[in-house]
Student: 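Next up is a structure, given as structure tokens.
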Amino acid sequence: MFGLQRIALVVGLLLTLSVKTSAQQNLNMLEHDAKPYYFGITLATNQSFYKLSHSKRFLATDSINVAEPLKTFGFNLGLLANARLSEHFDLRINPQLVFASKNLYYSETYGETPTTTKNIESILVSFPLQVKFKSDRIGNLRVYTIAGLKYDFDLASNARAKRAEELVKVKSGDYGFELGAGFEFYFESFIFSPEFKISNGLGNVHAPDKNLRYSNVIDQLHSRMLVFSIHLEG
């Protein structure tokens, strides 16, 4: 199965190879470049995981000898609003509903089950605010980069749950930064924009609970996500 990095690389190479052909064709949507704002939709796939740091209790105990994150895949659905700031800069808002799973793997010294995976399901409402830097058009192709900040709210957060089976709890709110790059491919009536970005959380989302042994070996959890998106813009 291709990783998100390979998918983005393949798309990038295919679109780059089309530059010469695009330059020889009629330019599509010339009026679009002067629009003060426009809208679109986003379809994406993500690979998410936690950056985990262990607590002092993990070093002191011998019952759990491994606690580490696992990478899993999910998908995003979103809307896009783009405002033109200048010839090469735009301001972009891209709210999304993100379905992700950040799982944790444990290995125990004792017990009937030597290995355990704890599934932490997330349904995030993500609010990214980005600045977009665009290159000059090359025929019907343009390259761009993005940088910005985001706030995520987890609708599936279990931080306040009291059930015993909630073995690792996470907070509902998180904030972070995003960096990425993509292509704008101009067709006659819409723009097809594949994009690859890194979306990292800066806050510690771990909600410690001294009564949960799998949680006690964790000090901090920081979210990490690689996203490959397709924007359809008009």
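Numbers for residues simply follow the sequence, beginning at 1. No hydrogens, no waters, no symmetry mates; every other heavy atom, side chains included, goes into these values.
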Student: Show your working on side chain to side chain contact (heavy atoms under 4.5 Å, CB included) between Lys197 and Gln130 and close with a plain yes or no.
Tutor: CA-CA 12 Å; Lys197 72 177 180 181; Gln130 304 158 349; 3.9 Å; yes
Student: Test of understanding: with side-chain hydrogen bond (donor to acceptor under 3.5 Å, both in side chains), list the residues that count as partners of Arg224, not counting sequence neighbours.
Tutor: none
Student: To the nearest 0.5 angstrom, please state how far the CG atom of Asp136 sits from the CZ atom of Arg142.
Tutor: 7.0 Å
Student: Under 3.5 Å, is there a donor-acceptor pair between the side chain of Asn204 and the main chain of His206?
Tutor: yes
Student: Heavy atoms only: give me the nearest Met225-Ser48 pair and the separation to one decimal.
Tutor: CE-CB, 3.8 Å
Student: Examine distances only and state if a side-chain atom of Asp154 and a backbone atom of Ile123 form a donor-acceptor pair shorter than 3.5 Å.
Tutor: yes
Student: Between Ala100 and Asn46, what is the shortest heavy-atom contact and its length?
Tutor: CB-OD1, 4.0 Å
Student: Can you list the other members of the hydrophobic cluster that holds Phe133, where links are side-chain heavy atoms under 4.5 angstrom apart?
Tutor: Leu85, Phe89, Leu91, Ile93, Leu129, Val131
Student: Which heavy atom of Gly203 sits nearest a heavy atom of Asp174, and at what distance?
Tutor: N-OD1, 3.3 Å
Student: Give the minimum heavy-atom separation between Arg213 and Ser63, together with the two atoms involved.
Tutor: NH2-OG, 3.6 Å
Student: Distance from Gln96 atom CD to Asn76 atom CG, nearest 0.5 Å?
Tutor: 5.0 Å
Student: Using only atom types and a distance under 3.5 Å, with no angle test, would you say the side chain of Ser215 pairs donor to acceptor with the backbone of Val168?
Tutor: no
Student: State which residues pass side-chain hydrogen bond (donor to acceptor under 3.5 Å, both in side chains) with Arg57; sequence neighbours excluded, sorted by chain then number.
Tutor: none
Student: Nearest 0.5 Å, please: how far is CD1 in Ile230 from OG in Ser193?
Tutor: 8.5 Å
Student: Kindly say whether Gly74 contributes a backbone atom to a donor-acceptor pair with the side chain of Thr45 at under 3.5 angstrom?
Tutor: yes
Student: Would you check, one step at a time, whether the test side-chain hydrogen bond (donor to acceptor under 3.5 Å, both in side chains) holds for Lys171 with Ser157?
Tutor: CA-CA 6 Å; Lys171 302 173 184 176; Ser157 169; over 6 Å; no
Student: Is the shortest side-chain heavy-atom distance between Glu68 and Leu104 below 4.5 Å?
Tutor: no
Student: Evaluate side chain to side chain contact (heavy atoms under 4.5 Å, CB included) for Val125 paired with Asp152, printing each intermediate quantity in order.
Tutor: CA-CA 6 Å; Val125 180; Asp152 293 339; over 6 Å; no
Student: Does the ring center of Tyr175 lie less than 6.0 Å from the ring center of Tyr151?
Tutor: no
Student: Test of understanding: with side-chain hydrogen bond (donor to acceptor under 3.5 Å, both in side chains), list the residues that count as partners of Asn65, not counting sequence neighbours.
Tutor: Ser107, Thr109
Student: For residues Ile120 and Phe58: do they belong to one hydrophobic cluster (side chain heavy atoms under 4.5 Å, members Ile, Leu, Val, Met, Phe, Trp, Tyr)?
Tutor: yes
Student: Could you grab the distance from atom CG of Asn82 to atom OH of Tyr38, nearest 0.5 Å is fine?
Tutor: 3.5 Å
Student: Going through the distances and angles, do His54 and Val217 end up as a side chain to side chain contact (heavy atoms under 4.5 Å, CB included)?
Tutor: CA-CA 6 Å; His54 298 100; Val217 298; 5.5 Å; no
Student: Please identify each residue that fulfils ring-ring contact (aromatic ring centres under 6.0 Å, His included) with Tyr214, with sequence neighbours left out.
Tutor: Tyr106
Student: Under 4.5 Å between side-chain heavy atoms, counting indirect links through other Ile/Leu/Val/Met/Phe/Trp/Tyr residues: same cluster for Leu97 and Phe153 or not?
Tutor: yes
Student: What distance separates Glu195 CD from Phe183 CZ, expressed to the nearest 0.5 Å?
Tutor: 11.5 Å
Student: Taking His32 for its side chain and Gly234 for its backbone only, find out whether a donor-acceptor pair lies under 3.5 Å.
Tutor: yes
Student: Please check this pair: side chain of Asn94 against backbone of Leu79, looking for a donor-acceptor N/O pair closer than 3.5 Å.
Tutor: yes
Student: Is the cationic atom of Lys102 (NZ for Lys, CZ for Arg) positioned less than 6.0 Å from the six-membered ring centroid of Phe49 and within 45 degrees of its normal?
Tutor: no
Student: Drop me the distance from Leu43's CG to Leu77's CG, to the nearest 0.5 angstrom.
Tutor: 6.5 Å
Student: Taking only residues two or more places apart in sequence, or in another chain, which ones meet Glu233 in a salt bridge (charged side-chain N to carboxylate O under 4.0 Å, His left out)?
Tutor: none
Student: Search all heavy atoms of Ser189 against all heavy atoms of Met29 and return the closest pair with its distance.
Tutor: C-SD, 3.8 Å
Student: Would you say Ile41 and Ile191 are hydrophobically clustered, going by side-chain heavy atoms of ILVMFWY under 4.5 Å?
Tutor: no
Student: For the pair Lys35 and Asp33, find out whether any cationic side-chain nitrogen is under 4.0 Å from an anionic carboxylate oxygen.
Tutor: no
Student: How about Tyr50 and His222: are their ring centres within less than 6.0 Å of each other?
Tutor: no
Student: Establish whether Val66 and Ile218 are linked, either directly or via other cluster members, by ILVMFWY side-chain heavy-atom contacts under 4.5 Å.
Tutor: no
Student: Less than 4.0 angstrom from a charged side-chain N to a carboxylate O is my criterion; do Lys169 and Asp209 meet it?
Tutor: yes
Student: Nearest heavy-atom pair of Tyr186 and Leu141: which atoms, and what distance?
Tutor: CD1-N, 4.4 Å
Student: Count I, L, V, M, F, W, Y as connected when their side-chain heavy atoms are under 4.5 Å apart, and connections chain through other members. Are Tyr144 and Val227 then in the same cluster?
Tutor: no
Student: Could you tell me whether Glu184 and Lys132 make a salt bridge, using a distance below 4.0 angstrom between a side-chain N and a carboxylate O?
Tutor: yes
Student: With side chain to side chain contact (heavy atoms under 4.5 Å, CB included) as the test, would you mind laying out the steps for Leu221 and Val170 before giving the verdict?
Tutor: CA-CA 8 Å; Leu221 292 173; Val170 294; 4.3 Å; yes
Student: Counting only heavy atoms not in Lys51, do more than 12 fall under 6.0 Å of its NZ?
Tutor: no
Student: Hey, would you say the Phe187 and Phe185 ring centroids sit under 6.0 Å apart?
Tutor: yes
